[in-house]
Enquirer: 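First the structure, which I've put down as structure tokens, then a few questions once you've had a look.
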Amino acid sequence: QVQLVESGGGLVQAGDSLRLSCAASGRTFSGYVMGWFRQAPGKEREFVAGISWSGTSTVYADSVKGRFTISRDDAKNTINLQMNSLKSEDTAVYYCAARPIGRVNIYARNYDYWGQGTQVTVSS
């Protein structure tokens, strides 16, 4: 079992930056593929970014490419999502997710562990 806890959400203005963190506990974190997803009211959960177990491969949704950066620190059992140039359409609950095998995957159903989510609100 892996427990995930997100933090860093909040209310910001359009154009601002925000850094989300996800702290993992439980089983060995370093072997897990990690991802960030988000869900806006009335919409399905969507993939935002993912990072391989080694940290050498990252994948981004087209909507955030060039603005968001995912990173991991296995020594601290954390992953981060640096979000720059935020837009009102980035408003959502952001979730951290983990899968123990394979590559970065953009489908939520392929992740086994989830955090409780952190709210990000961007006002225009």
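Predicted model, so just to flag it, every value in this text is computed and none were measured. Numbering of residues begins at 1 and proceeds along the displayed sequence.
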Enquirer: Can you name the residues that form a ring-ring contact (aromatic ring centres under 6.0 Å, His included) with Tyr60, not counting sequence neighbours?
Expert: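 So Tyr60 forms no ring-ring contact (aromatic ring centres under 6.0 Å, His included) with any residue.
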Enquirer: Between the side chains of Glu89 and Thr91, is a donor N or O closer than 3.5 angstrom to an acceptor N or O?
Expert: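 Glu89 vs Thr91: no donor-acceptor pair found between side chains.
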Enquirer: Quick check for you: to the nearest 0.5 Å, what is the distance between Arg45 atom CZ and Arg109 atom CZ?
Expert: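 It is 14.0 Å, given to the nearest 0.5 Å.
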Enquirer: Output all residues satisfying side chain to side chain contact (heavy atoms under 4.5 Å, CB included) with Ser124, sequence neighbours left out; order by chain, then residue number.
Expert: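 Testing Ser124 for side chain to side chain contact (heavy atoms under 4.5 Å, CB included), a comparison that skips the adjacent residues, returns Ser88.
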Enquirer: Applying side-chain hydrogen bond (donor to acceptor under 3.5 Å, both in side chains), can you list everything that pairs with Asp90, at least two apart in sequence or on another chain?
Expert: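 Once residues adjacent in sequence are excluded, the partners of Asp90 under the side-chain hydrogen bond (donor to acceptor under 3.5 Å, both in side chains) criterion are Arg38, Arg67.
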Enquirer: In Å, rounded to the nearest 0.5 Å, how long is the span from CH2 of Trp36 to CG of Asn80?
Expert: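 Trp36 atom CH2 to Asn80 atom CG measures 7.5 Å (nearest 0.5 Å).
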Enquirer: Using the six-membered ring wherever Trp is involved, compare the ring planes of Tyr94 and Phe68 and label them parallel, tilted or perpendicular (cut-offs 30° and 60°).
Expert: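 Rings of Tyr94 and Phe68: tilted, 30 to 60°.
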Enquirer: Holding to salt bridge (charged side-chain N to carboxylate O under 4.0 Å, His left out), I want the full list of residues that pass it with Lys65, two or more places apart in sequence or in another chain.
Expert: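 Lys65 satisfies salt bridge (charged side-chain N to carboxylate O under 4.0 Å, His left out) with Asp62 once adjacent residues are dropped.
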Enquirer: Going only through I, L, V, M, F, W and Y residues with side-chain contacts under 4.5 Å, is there a path from Leu4 to Trp114?
Expert: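 Per the 4.5 Å side-chain linkage, Leu4 and Trp114 are not co-clustered.
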Enquirer: Looking at Tyr95 versus Phe37, is the centre-to-centre ring distance below 6.0 Å?
Expert: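 Judged by ring-centre distance (under 6.0 Å), Tyr95 and Phe37 do not meet the cut-off.
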Enquirer: Under a single-linkage definition using a 4.5 Å side-chain heavy-atom cutoff for Ile, Leu, Val, Met, Phe, Trp and Tyr, are Ile79 and Val2 assigned to the same hydrophobic cluster?
Expert: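 Shared cluster, yes.
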Enquirer: Using the test side chain to side chain contact (heavy atoms under 4.5 Å, CB included), find all partners of Gln3 that sit at least two apart in sequence or belong to another chain.
Expert: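 Side chain to side chain contact (heavy atoms under 4.5 Å, CB included) check on Gln3 returns Gln1, Ser25.
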Enquirer: Partners of Asp74 by salt bridge (charged side-chain N to carboxylate O under 4.0 Å, His left out), sequence neighbours excluded?
Expert: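 Asp74: salt bridge (charged side-chain N to carboxylate O under 4.0 Å, His left out) contacts with Arg72.
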